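As the structure is a computational prediction, the values presented were derived from the model and not from experiment. What's counted below: heavy atoms across the whole structure, side chains too, no hydrogens, waters or symmetry copies. Each chain gets a letter, A, B and so on, in the order its sequence line appears, and its residues count up from 1.
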2 protein chains.
Amino acid sequence: MQLTRRAEYAIRTMLDIASNLDDQPLMSKEIAARQDIPPNFLIQIVPELRSAGLIHTVRGSGGGIYLTKKPSEISLRYIVEAIEGPIALNQCLIGEASCSRKPNCPIHEVWALAQRQMLSVLEATTLAGLVDQSQPGKRAGKTSTATDVAGKINNEVELEV
Amino acid sequence: MQLTRRAEYAIRTMLDIASNLDDQPLMSKEIAARQDIPPNFLIQIVPELRSAGLIHTVRGSGGGIYLTKKPSEISLRYIVEAIEGPIALNQCLIGEASCSRKPNCPIHEVWALAQRQMLSVLEATTLAGLVDQSQPGKRAGKTSTATDVAGKINNEVELEV
DNA sequence: CATAAAGTTTACCATTTTACTTAAGTTTAG
DNA sequence: CTAAACTTAAGTAAAATGGTAAACTTTATG
Ligand code: FES
Ligand code: FES
């Protein structure tokens, strides 16, 4: 029931890059140092973020990492699922692999709802919002902070489970 | 990020007992058969539910299991935490074991909120509500179903994280 | 073109968790 | 006293977790 270190490190990495205002790519080693990530662990996570299409990587001397999309288009849910695969609070909530009990299981709806509530928050939170929070005034535009999200959740559209 | 089998089986067990209208204790073996739980696994889970104060057990011939509290007083959250310990979506949300990054971590609030949203659902759902749903008309009284909860969540009081 | 700086790939590793199974108790009704 | 029921304590195979390490490829630069 807990986020893995890999995913936590992935979030820190993405946030670190989003906070970088220069447009030169960042080195994995520097990110690791700034974000308290074991460097040799991070260079294992970086390729996963790349295959997920979240970052571009430049090899060779002078290379590094930069974002593929705008920070406002990258949600926490997206990052977590890039590393851990689809989020599912219970086995029976994964894709169509239904357990035999699903048809008349009274608990199923509850988990589905709990998951929707949780995903709403992770989906409404973008890197842009998080950057704004830690560097107020450095960027303009409408972004959402965690506390904004609290009031906003209830207007969210239905998310598929 | 997923419920363990132990906790899932614990929920099924509690629900099975709550659905039992006779007041004679139920045998672990019978519960296991009805709820598709490996019997030898369940007899390992039962003592945990007992130490958590959720059930009473009667030993010896004719013995079995019955609930300690009324089904309306037992929430899903309570059952899950009896088996898995405190629910925490991220390490830094466990008790006071704060990571060194917490003071200026912009992500922390987000996880805290996501967790509150999820816990609200698990806390608002009681065994009584679930029983009502699968056996309509068999019990009276005000209980809450999963779909009721959906509209109710937003009025919930603040939960500590 | 040699070299160092960067990411890539693959493999390895110890520890813990998970989901069980097994077996030897202990208690109690009948 | 004996069978029925819960209790306790091991044991176990497989997977996940959180890393580490080494060999490889690409590219800028001198
Ligand atoms: S089938 Fe999904 S919770 Fe029971
Ligand atoms: S300290 Fe809790 S998420 Fe960063």
Side-chain angles (χ1 to χ4, degrees), chain A residues 1-13 16-17 24-33 35-52 54-68 80 83-88 90-92 94 99, chain B residues 1-13 16-17 24-33 35-52 54-68 80 83-85 87-92 94 99:
Chain A
M1 205 68 117
Q2 227 173 75
L3 195 71
T4 59
R5 294 292 84 199
R6 296 177 85 83
E8 162 84 18
Y9 293 156
I11 295 172
R12 287 190 204 170
T13 298
D16 188 275
I17 305 174
Q24 65 191 2
L26 293 179
M27 289 184 302
S28 135
K29 224 172 191 171
E30 284 176 358
I31 299 174
Q35 302 294 332
D36 294 328
I37 305 172
N40 292 332
F41 197 17
L42 182 55
I43 67 177
Q44 197 187 53
I45 297 171
V46 164
E48 297 181 44
L49 289 173
R50 208 205 47 177
S51 343
L54 280 168
I55 56 176
H56 276 311
T57 53
V58 180
R59 291 154 66 129
S61 178
I65 307 168
Y66 57 94
L67 297 185
T68 306
V80 171
I83 299 296
E84 298 192 356
I87 292 176
N90 198 346
Q91 279 192 355
C92 56
I94 301 176
C99 68
Chain B
M1 205 68 116
Q2 226 173 74
L3 195 72
T4 59
R5 296 289 84 200
R6 296 176 86 84
E8 161 84 19
Y9 293 157
I11 295 172
R12 286 191 202 170
T13 298
D16 188 276
I17 305 174
Q24 65 192 2
L26 293 180
M27 289 183 301
S28 135
K29 224 172 192 172
E30 284 177 359
I31 298 173
Q35 302 293 332
D36 294 327
I37 305 172
N40 293 332
F41 197 17
L42 182 54
I43 67 178
Q44 196 187 52
I45 296 170
V46 164
E48 297 180 46
L49 289 174
R50 209 205 46 179
S51 343
L54 280 168
I55 56 175
H56 275 310
T57 52
V58 181
R59 291 155 63 132
S61 179
I65 308 169
Y66 57 94
L67 297 184
T68 306
V80 171
I83 300 297
E84 298 191 356
I87 291 175
L89 289 184
N90 198 348
Q91 279 192 355
C92 57
I94 301 178
C99 66

message: Need to verify one output field. Residue with the more 5' nearest nucleotide on DNA chain C, B:Gly60 or B:Pro38?
response: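 Whichever sits nearer the 5' end wins; that is B:Pro38.
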Of the listed nucleotides [options], the one nearest the side chain of [X]:
| X | options | value |
| --- | --- | --- |
| B:Ile43 | C:dA5, D:dT20, D:dT7 | D:dT7 |
| B:Val46 | D:dT7, C:dT8, D:dA4 | D:dT7 |
| B:Phe41 | C:dG7, D:dG19, C:dA19 | C:dA19 |
| A:Ser61 | D:dG18, C:dT28, D:dT27 | D:dT27 |
| A:Pro47 | C:dT8, D:dA28, C:dT21 | C:dT8 |
| B:Arg59 | C:dA5, C:dT21, C:dT27 | C:dT27 |
| B:Met27 | D:dC6, C:dT8, C:dA5 | D:dC6 |

- prompt: Start at the 5' end of DNA chain D and walk down; is the nucleotide closest to B:Leu26 or to B:Met1 reached first?
  reply: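 Mapping each residue to its closest nucleotide by heavy atoms, the 5'-most match is B:Leu26.
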Within this structure, what is the [atom1]-[atom2] distance for the pair [X] and [Y], rounded to the nearest 0.5 Å?
| X | Y | atom1 | atom2 | value |
| --- | --- | --- | --- | --- |
| B:Ile37 | B:Asp16 | CD1 | CG | 7.5 Å |
| A:Asn40 | A:Lys29 | CG | NZ | 8.5 Å |
| A:Gln35 | A:Ile11 | CD | CD1 | 11.5 Å |

query: Is there a donor-acceptor pair closer than 3.5 Å between any side-chain N or O of A:Glu84 and the backbone N or O of A:Thr4?
result: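 Yes, the answer is positive, given that a donor and an acceptor are paired below the 3.5 Å cut-off.
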message: Could you check whether any side-chain N or O of B:Thr57 sits under 3.5 Å from a backbone N or O of B:Ile65, counting only pairs where one atom can act as donor and the other as acceptor?
response: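 Side chain of B:Thr57 to backbone of B:Ile65: no pair is present.
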Side-chain N,O ([X]) to OP1/OP2 ([N]) below 4.0 Å:
| X | N | answer |
| --- | --- | --- |
| A:Tyr9 | D:dG18 | no |
| B:Thr4 | C:dT17 | no |
| B:Arg5 | C:dT17 | no |

Distance in angstrom units between [X] [atom1] and [N] [atom2], rounded:
| X | N | atom1 | atom2 | value |
| --- | --- | --- | --- | --- |
| B:Ile83 | C:dA19 | CD1 | P | 12 Å |
| A:Asn40 | C:dT9 | CG | P | 17 Å |
| A:Arg6 | D:dT20 | CZ | P | 13 Å |
| B:Gln91 | D:dT17 | CD | C1' | 11 Å |
| B:Ile45 | D:dT8 | CD1 | P | 16 Å |
| A:Ile31 | C:dG7 | CD1 | P | 8 Å |
| B:Ile37 | C:dT18 | CD1 | C1' | 16 Å |
| A:Ile65 | C:dG7 | CD1 | C1' | 8 Å |

message: Distance criterion of 3.5 Å, no angle test: do you see the side chain of B:Gln44 paired donor-to-acceptor with the base of D:dT8?
response: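 Per atom types, no contact qualifies.
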task: Mind telling me whether A:Phe41 and A:Tyr9 have parallel, tilted or perpendicular rings, with 30° and 60° as the class edges?
output: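 Rings of A:Tyr9 and A:Phe41: perpendicular, over 60°.
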